[in-house]
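Before any comments, here is the structure.
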Amino acid sequence: MTTNDYRRTPELLSRLSDEQHRVTQQDGTEPAYRNEYWDNHEPGIYVDIVSGQPLFSSTDKYDSGTGWPSFTAPIAADAVTTKADRTHGMIRTEVRSAGADSHLGHLFHDGPDAAGGQRYCMNSAAMRFVPASKLVEEGYGQFSALFDTDQDSTKGATA
């Protein structure tokens with residue numbers, strides 16, 4: 001995606017799976033440990049499944065032991081918005097994408113102290129992962145500097 005227009009449109013919403021729609025548009029939550037990115041350790045960024053807006057970086061991802069992808073901070077301060085969520089008999093802080101207003105998950109204040117103490121507990125179904133090796137190809141080259149730049153992209157990978 002090469003645009004910075006991250007608004008939600010009927011066309012973008014029509015591309016979502018039932019689970020992605022339930023999570024992002026109906027404020028759903030996917031099951032812990034049974035979601036795509038909770039255990040992903042590959043370098044890259046996570047973008048809004050609806051709009052492609054960059055949301056989080058693997059450099060801020062950590063294993064919170066909760067079974068959902070957890071991050072200490074968004075990729076940019078204006079990438080997400082928060083609001084009070086009073087559902088389920090408690091008060092939580094809901095996290096939404098700033099552009100498309102997709103429900104992403106919740107913010108808790110039990111994250112690693114050394115990283116500011118915040119835990120952005122996100123739903124995999126609300127995001128798409130873009131590997132560091134494909135950032136330029138997919139239009140997110142400005143985030144390449146977050147990852148190891150010592151690799152020569154002309155060399156083939158070895159297994």
- Indicate yes or no: at least one non-hydrogen side-chain atom of Arg119 is less than 4.5 angstrom from one of His109. no
- Message: Between Asp63 and Gly65 (side chain of the first, backbone of the second, donor and acceptor by atom type, cut-off under 3.5 Å), is there such a pair?
- Response: yes
- Drop me the distance from Met127's CE to Ser97's OG, to the nearest 0.5 angstrom. 11.5 Å
- Spatial distance of atom CZ (Phe108) from atom SG (Cys121) [nearest 0.5 Å]: 5.5 Å
- List for me each residue that meets side chain to side chain contact (heavy atoms under 4.5 Å, CB included) alongside Pro31, sequence neighbours excluded, and say none if there are none. Glu19, Arg34
- Query: Is any side-chain heavy atom of Arg92 less than 4.5 Å from a side-chain heavy atom of Thr87?
  - Reply: yes
- When rounded to the nearest 0.5 angstrom, what is the spacing between CD in Gln20 and CD in Glu30? 9.5 Å
- Task: Please round to the nearest 0.5 Å and tell me the distance separating atom OG of Ser70 and atom OH of Tyr120.
- Result: 12.5 Å
- Query: Does a side-chain heavy-atom distance below 4.5 Å link Thr72 with Gln118?
  - Reply: no
- Asn123 side chain vs Ala126 backbone, donor-acceptor pair below 3.5 Å: no
- Task: For Arg96 and Asp101, indicate whether the former's side chain and the latter's backbone hold a donor-acceptor pair under 3.5 Å.
- Result: yes
- Is there a donor in the side chain of Arg8 and an acceptor in the side chain of Gln25, or the other way round, less than 3.5 Å apart? yes
- Query: Taking ILVMFWY side chains as joined if any heavy atoms are under 4.5 angstrom apart, and letting links pass through other members, which residues group with Trp68?
  - Reply: none
- Query: Rounded to the nearest 0.5 Å, how far apart are OH of Tyr140 and CG of Leu146?
  - Reply: 14.0 Å
- Quick one: does Arg22's side chain have a donor or acceptor within less than 3.5 Å of a partner on Thr29's backbone? yes
- Message: How long is the straight-line distance from OG1 of Thr66 back to CG of Asp110, given to the nearest 0.5 Å?
- Response: 8.5 Å
- Query: Going only through I, L, V, M, F, W and Y residues with side-chain contacts under 4.5 Å, is there a path from Val80 to Leu12?
  - Reply: no
- Task: Return yes if a side-chain donor-acceptor contact under 3.5 Å exists between Ser102 and Thr24, otherwise no.
- Result: no
- Query: Does the pair Arg128/Glu36 count as a salt bridge with the N-to-O cut at 4.0 Å?
  - Reply: no
- Query: Which is it for Thr93 and Asp85 under the side-chain contact (heavy atoms from CB on, under 4.5 Å) test, yes or no, and what are the steps along the way?
  - Reply: CA-CA 6 Å; Thr93 302; Asp85 175 359; over 6 Å; no
- Hey, is the main chain of Lys61 close enough, under 3.5 Å, to the side chain of Ser58 for a donor-acceptor pair? no
- Message: For the backbone of Lys83 and the side chain of Glu94, can you confirm whether one donor and one acceptor N or O come within less than 3.5 Å of each other?
- Response: no
- Task: Determine, using ring centers only, whether Phe71 and Tyr46 are less than 6.0 Å apart.
- Result: yes
- Task: Apply side-chain contact (heavy atoms from CB on, under 4.5 Å) to Met122 and Tyr37, showing your working.
- Result: CA-CA 9 Å; Met122 303 293 101; Tyr37 302 128; over 6 Å; no
- Query: Is there side-chain contact between Val136 and Ser144, with heavy atoms separated by less than 4.5 Å?
  - Reply: yes
- Message: Let's go through Ser57 and Phe147 carefully: what are the C-alpha distance in whole Å and the side-chain angles of both, what is the deciding distance for side-chain contact (heavy atoms from CB on, under 4.5 Å) to 0.1 Å, and is it a yes or a no?
- Response: CA-CA 10 Å; Ser57 169; Phe147 307 99; 3.6 Å; yes
- What residue pairs, at least two apart or across chains, pass ring-ring contact (aromatic ring centres under 6.0 Å, His included) with a residue in residues 74-103? His103-His106
- Message: Keeping Ser51 on the side-chain end and Asp48 on the backbone end, is there a donor-acceptor pair under 3.5 Å?
- Response: no
- For Ile45 and Phe56, run side-chain contact (heavy atoms from CB on, under 4.5 Å): C-alpha distance rounded to whole Å, both residues' side-chain angles, the deciding distance at 0.1 Å, then the answer. CA-CA 6 Å; Ile45 67 170; Phe56 297 96; over 6 Å; no
- Message: For Asp39, is the CG atom crowded, meaning more than 12 foreign heavy atoms sit under 6.0 Å from it?
- Response: yes
- Item | Flag side-chain contact, heavy atom, 4.5 Å: Pro69 against Asn40 | no
